[in-house]
Each structure stands twice: as structure tokens, then as C-alpha cells.
Amino acid sequence: MPGYSFRAIEKKWQAHWEETGLYKWDPDSPKPRFYLLTMFPYPSGDLHIGHWYVLSPTDAYARFKRMQGYNVFFPIGFDAFGLPAENAAIKRGVHPHAWTYRNIENMRRQMRSMGASFAWEHEVVTCDPEYYRWNQWFFLQFYKRGLAYKKFAPVDWCPTCNTTLAREQVVGENRVCERCDTPVIKKELDQWFFKITAYADELLDFSGLEWPERVLAMQRNWIGRSEGVQFRFQVDGREDTFEVFTTRIDTIYGVSFVVLAPEHPLVERITAPERRAEVEAYRHKAARQSEVERLSTEKVRDGVFTGAYAVHPLTGERLPIWIADYVLVTYGTGAIMGVPGHDERDFDFARRYRLPIRVVVAPPGWQGGELDAAYVDEGTLVNSGPFSGLPSDVARERLADEIERRGIGRRAVQYRMRDWLISRQRYWGTPIPIVYCDRCGTVPVPEDQLPVLLPEDAEFLPTGESPLKHHEGFLHTTCPQCGGPAQRETDTMDTFVDSSWYWYRYLDPHKDDAPFDVERARRWTPVDQYTGGVEHAVMHLLYSRFFTRVLRDMGLVDHAEPFPRLFNQGIVLGPDGHRMSKSRGNVIDPDDLVEHYGADVVRGYLMFMRPWDQGGPWQPGGIDGVANFLNRVWRVAVDEEPAEGDVPVAAAAEAEVLGAAPFGERELRKLTHRTIKKVTEDLAEFHFNTAIAAMMEFSRELARARRTALGRTPAWREAVEALTLLLAPICPHITEEIWHRLGHEDSVHVQPWPKYDPALIVDDTVEIVVQLNGRVRERLEVPAGLDREALLRTVQADPRVQALLSGKTVRKAVAVPGRLVNFVV
RNA sequence: GCCGGGGUGGCGGAACGGCAGACGCGGGGGACUUAAAAUCCUCUGCCGCAAGGCGUGCGGGUUCGAAUCCCGCCCCCGGCACCA
């Protein structure tokens, strides 16, 4: 526990900062701007250690940039719509609104206890009508641009959350809801979508983004672009055709069958009468299976022959048409060409049903025999008519040309990403501003009638239908076009809509004639630095990039990328190495820690524990190290002067420290300036742990120096002030107290960041390592600044080195100025 | 399977291709104290009495010199996964 009275100090300064408006933001200040954004939290009720782990280092960075002279905008808010509030209402009868705002109040208190320097007057709460009104406005703009549309389609449904989900919210091998881990099922529903696929290619352009590689990889993978050829097959003996998509047109001569997805519309028409019963049975099974949890990870590739044949577009050969559920109706054209020789799935399928397997790309060393596995790599074409002998990459181009020349297909691009399903059958969200009129059909609510208010008095029944559907007053309305009776859309929006543009709203959160001030956004966005968890790698970050592009196309912003720089902090696990959860009983409560150690120690430890981007178990013991450090800082800077008789004052500035080498003002200043350099560089790169380590070393040397006459010199004063300033971003309270006790009137947090003097940090002498065949044998002090040759001469002249080399022939000598000399003998 | 990130003391972690293990935790020894706490000093990778040797997941390579670069493996974490 700290030896200084941290409780009083932290309380005092938090109150003082608030009273004096220390962190109020002035958008028109002439200083260079810095927009620092951290992902706003969901108001779950408590600020847990994970929140601290992202917020406190981000706050330290805000303070650091402020001291460096930037006009820092560091806002906070609450992502306040969402299921937990509604579930609390169902379970405990608390209204979501009351529940949410009570939680927000508590979290604000906790954030203050952390000493966070947020621009509170710019706070945004998304469940406030003054915020969600603009979600509705954006929806209408999207609608106008054809980017919002309603579609009847099979969609993912979470039976626990009782709502549909976006594809991004269905995770893992067994397709569970990302929120509650329940396996999702398919439902056919009429739902609203945002057309994110219109921006698929643009979203793949990550140029200029300083983002963690894994986030880029996840987005790239999610969008799933692939280039290939889409072409038409003729059904033998019929007018019908169908299209397939392939990335391996070079293997087209290897097609020995084709497969349609069971749901493919053509199946109905082409199935031969004698195959119908079997085909129907299979389709039925497939349909049911997609609704049932996949029990087995074993993927059996089975299927059924339809009795129909397709015609190979180049060879004219008759190819049996099968249906199989390994072909997905949702991807590509819902049909494939089966090339068993060169595709693992087709190979399995062909084996199972004894379909011919042809080799059209020769594996290395192939002698013309049968394959025992599909050869999926590239190679030289064989058995491919006029294309035989060509390498795969050339053949792909030639065959694509051929397909296009014959007019049976074209080069095409497919994406794995689907449009963003935004309808939710829940209450606690933004009402979708649409009205259905018997006469006029789907009618958007006119902009001047926004917001469509979420009624307070809904019934919360987990029926699987939106509670708004049962709210007569909400449901029934008049058509904005014809004035006749009409019904409102009762679904609400995915809460990811709320978080797709909130950083613009922060700039002017109460503006009531536009979502944000376009002029201010021009000056203050894109965000200079974004921090937050990697769990949002695909959803929030991808949606935000999409939104920003639409905003750009609307002329509201002038950039495509909202967050040019992104930093993902790690995840703090419980001491047992598992994710913290109440059921495991491994939750570390930051309030308890703050009570015991104070906010400064908790902040400091979170930043010292490990590199910020790394997660890992909470180490219960380590926090005492930071507490010790702050105690030492306190003693060094604040405690009473040592008594006159205590120390060898007589030796003045050159006094010898207890047990240490001569340590004078010059050395002290050198150390001070080196520490400034180190801490400045480390903080700029979020290397809080090594910055703190440097300050720990510094404080230890100061503690020694203090006991000597050095403790009365100007160099001492400079050192103590520097330490206080360097530590201020990380531990804002203790440093503020120290700063004032050192005799200053204004806040440590408005001081300019200390600068180091390069002239002061250079050494007169350097230690040179002398190696023999790469092994360290001696260390020598030599004058600094010697060049290669001078260094070698100096080293060779040293008697110890001569002893080392006596009787040996130096074959080579490598001298690295300032570092080492290596003799190869 | 594919993609991304990692493997360094008892533990968390430091190290522009140049002294491996900074800093901290834990541990040993000591000072102060009636005692304890606090503080301070000191030691603490492994083997060895020592000289010395061995050490950054494993095996090779490049280099005067590799934790760091290259090749091939192994293991751990995260993401995606019948996407044609």
C-alpha cells in the first residue's frame, strides 16, 4: 500500500480538475489538432479491468500529447442500445432506459476515479433520441441511394436473443451467436439490409492504414474476394441454362459432372421423373439440416443425381447434373463444375459415386496413372485440347478469352461478404423509419418527422417478435404520402449502426439540424488515433469504414478511412489464465484495487505489466512493484530534506554516493536527459512498460543522490521536476500533488513536455567489448568518438588485449565504433 | 487446411545483426529495529569449488558475430473454414 495519502490526493485533484475545466476542449484553438478516440463502452454497469486496460493507457497518451502541445480531443460516450438492457427488463422488470442510465451514471463515476481526462461535455449516449434520430436520418439517405433495401431471404436467427443477426454476428464452426453462443437457425424473413457489398472492392484497399496486421487479415478474409470466370452450361435437350463460377478455368477440360445446390431453382424443372422422389428427399433433408445444429464436424459429401445432363461448352460432352449440399446456394451462382482431378471436394464426391476422374493438369513426375488424391496445385495442362501444354496461369487467361469469345461467359469476381442485415426484432434500439401503407407500399418517414420515437411503455415479452409490434400506439400511424391508415416498421436497427459514425457526432453532440458539423469534421477528422479491442476487427471496424465511404459519397466528409491509425490492446485474463467471468470467480475488480492502492498505482501497473498490445493473465503480485516505485518517487520528491549531519555535504556537487561510483551534477544531468529521451520515445509508440522501467531506474538513482549534497543542486531540482513531468501522463494525481509541493501554481498537466539536450547525453568514454572469435574476453574504457581505425589502434595498444593475443595470429579484426572489437584468430 | 501473432530465467517481461536476461515480482544474505513493518545494501539463467563451459522451442544456413536475417520442422494463441 502506498505510503502517501493517495485517497485524499486523488479526490482533491479530481475535484479540482473538474472545477477548473482542465480538460475542456476548445475546437478552435490554434494548436495542432489531435483527435484521440477510444472505442466507447457498452454501459453494462461496471467498469471492469478490461475497460481500465484500454482506457488508462489511452488517457496517458492523451495527456502526453497535450503536454507536447497538441489540442487534444479525447471524448467518451456510451454505446447504450442493446440486448442486455432489454433482457434486464424481462428478467427483473427494470425499464431498459432506467437500467441503462443508472449504469452509465456508475460508469461515469468509475471513469472519474481513474482520473481520465475525457472531454465530458462532448459525451454521446446512443439511446438518446437526439442521437438515434440521426441513425434514422442516415437510414433514409441510404434508402435514397439504394443502399438500404428490404429483402425476403433465409437469414440467421438466434433463438436465445430472439432476433435475426448479421452474418458477421454468427461465429465459429458451429455457427453460434457471437453474443450468447447459441447455435443460430435459418429463417425465411423479410429484412432490411445495407448494401455494404457495393463497397467490397474499396473496402479491400487498406493502403495508408497503420493497423495491426491481424485486423487487416481478418477483414481481407471476411470480404473474401476471388477472381474467376462465370459461364453458362446448357441443359441437354432443354432450353434451360445455368451458370457456374470457377477460379480454375484452366481445369475446364477435367469436368466430369456438375453440381447444383439443393435449393437451386433449376432443380425443380430438370429432375427426371424417375429421380424425383430421391431428389425431393435429399432437398428436404438438406433444408432441415440447415435448421438443425451441425452435430458432426465430419463432412460427408453426399448428393443425388437428377437424371438430367448438361453439355460441356467446349467438348460437347454430356455431363450428369447432381445436387449436393456441399454446393452453397448463397455463394457464387449456386452451381459448380465438378473437376475431381483437381479439387478435393469434387474428388471425394467422384470417388463416392464412381464418377470419372480426369487429369488435366499434370502433377510433377506424373506418368499418366490414376490419382489417389486431387492435385490442386498449378502445372502444365494435359488432355485439354488446343490448350494442352500451357502452364496453368497462361491457360487461365486463354480459356477466359475463349469463354468470352464464344459468348458463354465472362471474367467475374465473387465475394464472401454479404450485405449487412440490420433488422432486429427487439425493442431497445433505433426504430427503422419506414411506414407500410396499403395504397402506397413502403414509404420512408419524411426527414422533418424524425425522430420516430421509441415508445417508453412497451411490453417486453420474449416472443420472437418485436415488442413494438404489440404496441398499438406505435404500430398504427398514417401514411406520410396519402394520409391513409398505415403501419410502422416495428423492427429496430442493429446497434452496430449506432457505432458506425459516433466519432463525428462527438464533435458537436447536441447539434439539432444535422448529424454533425461538416465544417468542423473537415478540420477534425479522420481520427488521429483509435484504440480498442480486437474483438471489433470485422464488425464495428468494417461497418465504420463502409459508413465513412457512404458519408464521403454524400459529400459530408472528405476521407474514406475514419481511423488511419488503430491500436489494439491485449485482453487481461483472470489470474487462472481464463477469461474473467463471474461464474469462474476469477474477476479482478478495479474498484477494489483502487481502494487499496489508489488509481495511480492501478494505472501504472496496467501499463507496466506487459506490452500494451499483449494480453495475458493478471499477475497478482506485480502491482506492489509499482506501488513501491510511486512511494520512492514520493520520498524522493516530497519528503523532508535530510538532516545536515546525515550526509557528506562537504564534498559539494562532486559528492560520492554511498557505495556508488563518483556521481556528480554532470552525471545526474546526463541521466535526466537520457531518461527524458527514452520516455518520450517510448510513450510515442505506446511502450509504456519500458518507459516506466526507465523512470524506475531514474528514481532509484535519485534516491541515492538525494542522500548526498547533490540533493541541493540545480541539477537535482531539474531531475525531480523532469521525473514528475515524465510520470504525469501515467500517474496524474501523485504528480499533480508533487508538482504543487515543488512550489508550482498551475497544473502539471498543462506544462510543456520536457525536452532533452542532445549535448548532455553524450559520453566522454565508452565501454568497448573485446571479443576473440566472437566471445567476450575483455571490456575496455576508451574515449568516445573514435573511428574504426583509432579504436582498433587503441584496443591493440592495451596491455590486457596484448596478453590476450600473445602467441596468436590475428587473421581478421572487426571494429565497430562505440561497441566492440572482434579478433578472429 | 488457409491466414495472422507468438515461443527468452521460478514468473511478467528487456534487448538499432554487436555484453542475452534491462525493469519488476518472487527468492537468498545483510544493515537499521527489543521485534516487526517500512526503508536501505547485496546476490539471484543453468552446470561447476574454480578456471571455464552451456544457454533465447528444434534442426540446418548466412555472417567476424544471430534471440534478431534465411530455409525446414515442432508447439501455443487468435481468426476463417465445403466460398468452387
Side-chain angles (χ1 to χ4, degrees), chain A residues 1 3 171-173 175 212-222 224-226 228 230 244-248 251 259 261 297 299-301 324-328 330-339 342-346 348-349 376 414-418 534-535 537-538 568 570-571 605 608-611 613-626 628-629 631-632 635 658-660 678 687 689-698 700 703-704 707 767-779 810-816 818-825:
Chain A
M1 214 200 281
V171 297
E173 199 170 352
R175 299 180 47 75
E213 192 50 48
R214 60 180 163 163
V215 176
L216 301 182
M218 281 190 231
Q219 293 208 353
R220 214 175 273 128
N221 179 68
W222 187 258
R225 181 183 204 273
S226 52
Q230 188 167 320
V244 300
F245 172 76
T246 179
T247 55
R248 291 298 303 272
T251 65
V259 188
T297 48
K299 276 155 192 158
V300 184
R301 284 178 194 119
D325 66 1
Y326 81 88
V327 176
L328 308 174
T330 49
Y331 182 80
T333 60
I336 62 155
M337 61 180 203
V339 185
H342 306 285
D343 181 282
E344 281 168 26
R345 295 151 300 183
D346 297 345
D348 279 3
F349 195 75
V376 299
Q414 289 289 339
Y415 301 92
R416 211 138 57 205
M417 181 172 68
R418 304 263 81 87
V534 73
E535 65 272 19
V538 172
N568 288 136
I571 296 167
Y605 181 53
F608 180 64
M609 195 164 55
R610 54 171 64 98
D613 58 353
Q614 240 173 73
W618 174 262
Q619 301 275 324
I623 193 166
D624 290 312
V626 174
N628 290 341
F629 163 57
N631 280 336
R632 190 164 59 218
R635 279 197 308 276
L658 302 170
K678 172 78 177 149
H687 296 164
N689 57 333
T690 48
I692 293 170
M695 288 189 270
M696 283 174 165
E697 286 183 75
F698 187 35
R700 206 179 44 206
R704 289 154 154 259
R707 282 179 251 133
E767 193 186 61
I768 292 291
V769 168
V770 181
Q771 295 182 333
L772 220 55
N773 294 336
R775 309 180 86 91
V776 180
R777 293 296 139 152
E778 284 293 346
R779 287 143 208 265
V810 175
R811 291 196 291 128
K812 187 174 181 180
V814 182
V816 182
R819 292 209 179 268
L820 56 66
V821 175
N822 186 17
F823 294 104
V824 184
V825 295

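By convention in this document, chain letters (A, B, ...) are assigned in the order of the sequence lines, proteins followed by strands, and residues within each chain are numbered from 1. Note that the coordinates shown come from a computational prediction; the quantities given were computed from them, not determined experimentally.
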(request) Just need the stems in RNA chain B: three or more back-to-back Watson-Crick or G-U pairs, each with both distances under 3.5 angstrom, sorted by first number. (result) B:1-7 with B:74-80, B:10-12 with B:23-25, B:26-31 with B:39-44, B:45-47 with B:52-54, B:57-61 with B:69-73
(message) Would you say A/R610 places a side-chain N or O within less than 4.0 Å of OP1 or OP2 belonging to B/G13?
(response) yes
(message) Taking A/H342's backbone N and O only, do any of them form a donor-acceptor pair with A/R248's side chain (distance below 3.5 Å, no angle check)?
(response) no
(request) Flag the pair A/V626 / A/M609 as yes when at least one side-chain heavy-atom distance between them is below 4.5 Å, and no otherwise. (result) no
What are the atom names and distances for every N/O pair under 3.5 Å that joins the protein to nucleotides 27-33 of chain B?
none

(request) Using atom CD of A/E213 as one end and atom P of B/C2 as the other, report the distance to the nearest whole Å. (result) 18 Å
(request) With C1' as the reference atom in both, quote the distance from B/U63 to B/G10 in angstrom, rounded to an integer. (result) 35 Å
(message) Treating A/R220 as the side-chain partner and A/V215 as the backbone partner, does any N or O pair qualify as donor plus acceptor under 3.5 Å?
(response) no
(request) State whether A/Q614 places a side-chain N or O below 4.0 Å from either non-bridging phosphate oxygen (OP1 or OP2) of B/G13. (result) yes
(message) I want to check something: taking the side chain as every heavy atom from C-beta on, are A/R700 and A/F629 in contact at a cut-off of under 4.5 Å?
(response) no
(message) Quick check against the 3.5 Å criterion: does A/R301 have a side-chain atom that pairs as donor or acceptor with the backbone of A/D346?
(response) no
Any protein N or O atoms within reach of nucleotides 24-26 of chain B? Criterion: under 3.5 Å, listing atom names and distances.
residue, atom, partner, partner atom, Å
B/C25, OP1, A/N628, ND2, 3.1

(message) Just N and O in the side chain of A/Y326: are any of them under 4.0 Å from OP1 or OP2 of B/A84?
(response) no
(message) Checking the side chain of A/Q219 only, and the main-chain atoms of A/A537 only, is there a donor and an acceptor separated by less than 3.5 Å?
(response) yes
(message) Any base atoms under 4.0 Å from A/Q414, or only sugar-phosphate, or nothing? Heavy atoms, all strands.
(response) nothing
(message) Should the side chain of A/N822 and the base of B/C64 be counted as holding a donor-acceptor pair, with the cut-off at 3.5 Å?
(response) yes
(message) If the cut-off is 4.0 Å, is A/S226 near the phosphate of B/A84, judged by side-chain N/O to OP1 or OP2?
(response) yes
